Every structure is written in C-alpha cells, then in structure tokens.
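Since the structure comes first, as structure tokens, the remarks are kept for the end.
On a predicted model such as this, the values are computed, not experimentally measured, just so you know.
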Amino acid sequence: YVNPYLMDSSKFEVKADSEQTGNEIAKAFDKDESTFWHSSWNPFVALPAEVVIDMKETAVINKLTYLPRQDNNNNGQIKKYSIYVSKTGEDDDWMAVVEDGTWKADTTWKTASFEPVEARYVKFVAEEGTGDSSGNTFACAAEFNLYRSSLKDPEEPTEGISTAVLEYAISLTKDVS
C-alpha cells in the first residue's frame with residue numbers, strides 16, 4: 001500500500017544545522033529505517049537542532065511523522081519539538097504550526113498533525129531529546145515524512161494524475177483475481 005497523501009521525499013532538499021559525520025540528515029529521508037540522522041556529538045552541539053526541508057514544490061500539508069533510530073540505542077529520541085512552515089524560506093516568513101509539541105521517548109512512529117497549511121519549506125526543531133551517560137542530549141531520526149492534506153492542492157493543474165494516486169490504484173487491483 002502506498003499512501004497517496006505521503007509526499008515523495010526523494011525530491012526534497014534537506015539541511016540540518018547539526019549532524020554527525022556518517023549520520024547526515026539525508027539518512028532521515030532515505031526510506032531506510034536502519035539508517036539515521038544524528039545531531040553532532042563530536043564535537044558536541046547542544047540542542048535545539050533544526051532540520052529545514054525544501055519540498056521543491058508548494059503543497060498543502062497537515063502532518064509530519066517521525067521514526068526514532070531503530071538500532072536498540074535510545075540516545076537521541078526526540079521528546080519536545082516545534083514545526084514551522086514557509087512559502088519562501090526567508091528568515092521573516094516562518095509561521096509556527098506546532099509549538100512545544102511532545103512525544104514519548106521510545107522507538108515507535110510519532111505523528112505531529114496540524115491545520116492544513118500551504119508551504120514549500122518546513123522547519124522541524126528538535127528542542128529536547130534523550131541523552132547519554134554524560135548528560136548531553138541529542139536528536140536523531142530514522143525517518144521523517146510529510147503528508148499532503150488532500151490529493152489535489154488548490155494550485156495544482158486540473159489535468160493529469162499524480163504518480164502516488166496511480167500507484168495506489170494499481171495496488172488495489174493486485175488482490176483481484
């Protein structure tokens with residue numbers, strides 16, 4: 001099953017203001033749950049850590065999902081976060097859609113839902129995370145996903161059909177004999 005609302009992260013350009021060599025931010029958007037982004041621990045950079053996603057298109061979105069690292073290490077599970085959106089990515093154009101959101105520190109998928117908003121850029125700020133024995137706290141993510149609030153955004157052309165919708169339609173026929 002391909003969720004038709006799930007945006008194709010392979011088209012995104014992503015940047016983080018803190019990342020450990022070998023655990024770069026691109027690994028949180030690679031559709032591989034065994035790889036992960038980790039905020040910098042050598043040298044140590046304190047939270048918050050910012051992840052900026054350029055979706056390369058304007059879309060009406062209403063959800064971000066997050067999967068913590070899946071390697072049996074609890075370090076870096078994000079517990080407190082905020083999400084901002086922008087149409088331009090300029091410093092004065094960010095609007096908060098989630099402020100001081102909280103998640104339980106564990107290894108399960110997390111969801112941050114918000115009112116549908118038109119944006120090209122999303123800024124995820126990891127404000128608090130789990131830490132190591134020295135008391136330093138970190139952020140990490142096996143995967144981040146963004147979701148459209150509807151299959152047809154207001155500015156999309158009326159002709160044509162999205163690949164996600166076609167893949168979903170094809171998947172429905174696989175169980176038909």
Side-chain angles (χ1 to χ4, degrees), residues 6-56 59 61-117 119-149:
L6 175 64
M7 297 196 63
D8 181 2
S9 63
S10 70
K11 298 177 181 176
F12 296 171
E13 182 178 308
V14 293
K15 296 178 183 170
D17 66 353
S18 175
E19 58 185 9
Q20 185 63 37
T21 301
N23 295 106
E24 294 82 6
I25 189 58
K27 292 186 176 181
F29 294 89
D30 64 2
K31 299 178 181 61
D32 180 349
E33 295 180 5
S34 69
T35 64
F36 58 93
W37 160 71
H38 199 297
S39 60
S40 182
W41 73 81
N42 186 16
F44 171 68
V45 177
L47 296 180
E50 289 187 3
V51 175
V52 176
I53 305 158
D54 178 354
M55 298 184 290
K56 295 297 186 181
I61 58 172
N62 69 341
K63 182 168 68 172
L64 175 144
T65 57
Y66 158 65
L67 182 67
R69 65 194 289 179
Q70 298 293 298
D71 65 349
N72 296 316
N73 185 329
N74 296 332
N75 185 348
Q77 294 171 345
I78 299 168
K79 300 190 297 184
K80 185 176 175 186
Y81 64 93
S82 293
I83 302 171
Y84 303 86
V85 297
S86 170
K87 290 182 182 177
T88 66
E90 299 296 321
D91 288 344
D92 61 351
D93 189 46
W94 293 97
M95 178 180 81
V97 292
V98 176
E99 290 185 285
D100 299 325
T102 58
W103 284 320
K104 183 178 179 185
D106 63 26
T107 59
T108 62
W109 277 99
K110 317 289 182 219
T111 299
S113 297
F114 43 90
E115 288 298 312
V117 61
R120 174 174 165 172
Y121 299 88
V122 176
K123 183 188 298 182
F124 177 87
V125 181
E127 297 166 353
E128 291 180 17
T130 55
D132 61 16
S133 57
S134 64
N136 293 332
T137 61
F138 303 96
C140 68
E143 293 298 314
F144 282 118
N145 290 306
L146 290 170
Y147 292 81
R148 294 179 185 278
S149 65

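Atom CG in L64 sits 6.5 Å away from atom CZ in F114 (nearest 0.5 Å). Interatomic distance, I83 CD1 to I61 CD1, rounded to the nearest 0.5 Å: 8.5 Å. The CZ atom of F29 sits 8.5 Å away from the CD atom of E143 when rounded to the nearest 0.5 Å. With values rounded to the nearest 0.5 angstrom, L146 atom CG is found 6.0 Å from M55 atom CE.
The salt bridge (Lys or Arg N to Asp or Glu O under 4.0 Å) check on E13 picks up K15, K56, with sequence neighbours excluded. Under the salt bridge (Lys or Arg N to Asp or Glu O under 4.0 Å) criterion, K31 pairs with D8, not counting sequence neighbours. For F44, the ring-ring contact (aromatic ring centres under 6.0 Å, His included) partners two or more places apart in sequence, or in a different chain, are F138. D71 is linked by a salt bridge (Lys or Arg N to Asp or Glu O under 4.0 Å) to R69, counting only residues two or more places apart in sequence or in another chain.
Judged by distance alone, the side chain of D17 and the main-chain N or O of A49 form no donor-acceptor pair under 3.5 Å. Although no hydrogens or angles enter the test, the distance criterion places a donor-acceptor pair under 3.5 Å between the side chain of Q20 and the main chain of N42. Listed for the K63 side chain is no donor-acceptor partner under 3.5 Å among the backbone atoms of N145. Remark: the backbone N or O of P43 is paired with a side-chain donor or acceptor of S40 at under 3.5 angstrom. S149 places no side-chain N or O within 3.5 Å of a backbone atom of N62 that could act as its donor or acceptor partner.
Applying the side-chain hydrogen bond (donor to acceptor under 3.5 Å, both in side chains) test to residues at least two apart or on different chains, the pairs with a partner in residues 89-103 are S86-D93, T88-D93.
T107 places a side-chain heavy atom less than 4.5 Å from the side chain of Q70. Considering only heavy atoms from C-beta on, Y84 stays 4.5 Å or farther from E50 through its side chain. A 4.5 Å side-chain heavy-atom check between V14 and W37 finds every atom pair outside the cut-off.
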- Query: Yes or no on side-chain contact (heavy atoms from CB on, under 4.5 Å) for C140 and N75, after CA distance, side-chain angles and deciding distance?
  - Reply: CA-CA 8 Å; C140 68; N75 185 348; over 6 Å; no

- Checking side chain to side chain donor-acceptor pair (under 3.5 Å) for the pair K11/S9: CA distance, chi angles, key distance, verdict? CA-CA 5 Å; K11 298 177 181 176; S9 63; over 6 Å; no

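When all heavy atoms of Y66 and I78 are compared, the closest pair comes out as OH-N, 3.0 Å. Pairing each heavy atom of V98 with each of S113, the nearest pair is CG2-O, 4.3 Å. Of all the heavy atoms in K27 and G22, the pair that sits closest is NZ-O, 2.6 Å.
The aromatic rings of H38 and W41 lie perpendicular to each other, with more than 60° between the two planes, well past the 30° mark.
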Show me the donor-acceptor pairs within less than 3.5 Å that the side chains of residues 121-131 make with the rest of the protein, sequence neighbours left out.
| unit_1 | atom_1 | unit_2 | atom_2 | d |
| --- | --- | --- | --- | --- |
| E127 | OE2 | S82 | OG | 2.5 |
| T130 | OG1 | N74 | O | 2.4 |
| T130 | OG1 | G76 | N | 2.9 |
| T130 | OG1 | Q77 | N | 2.8 |

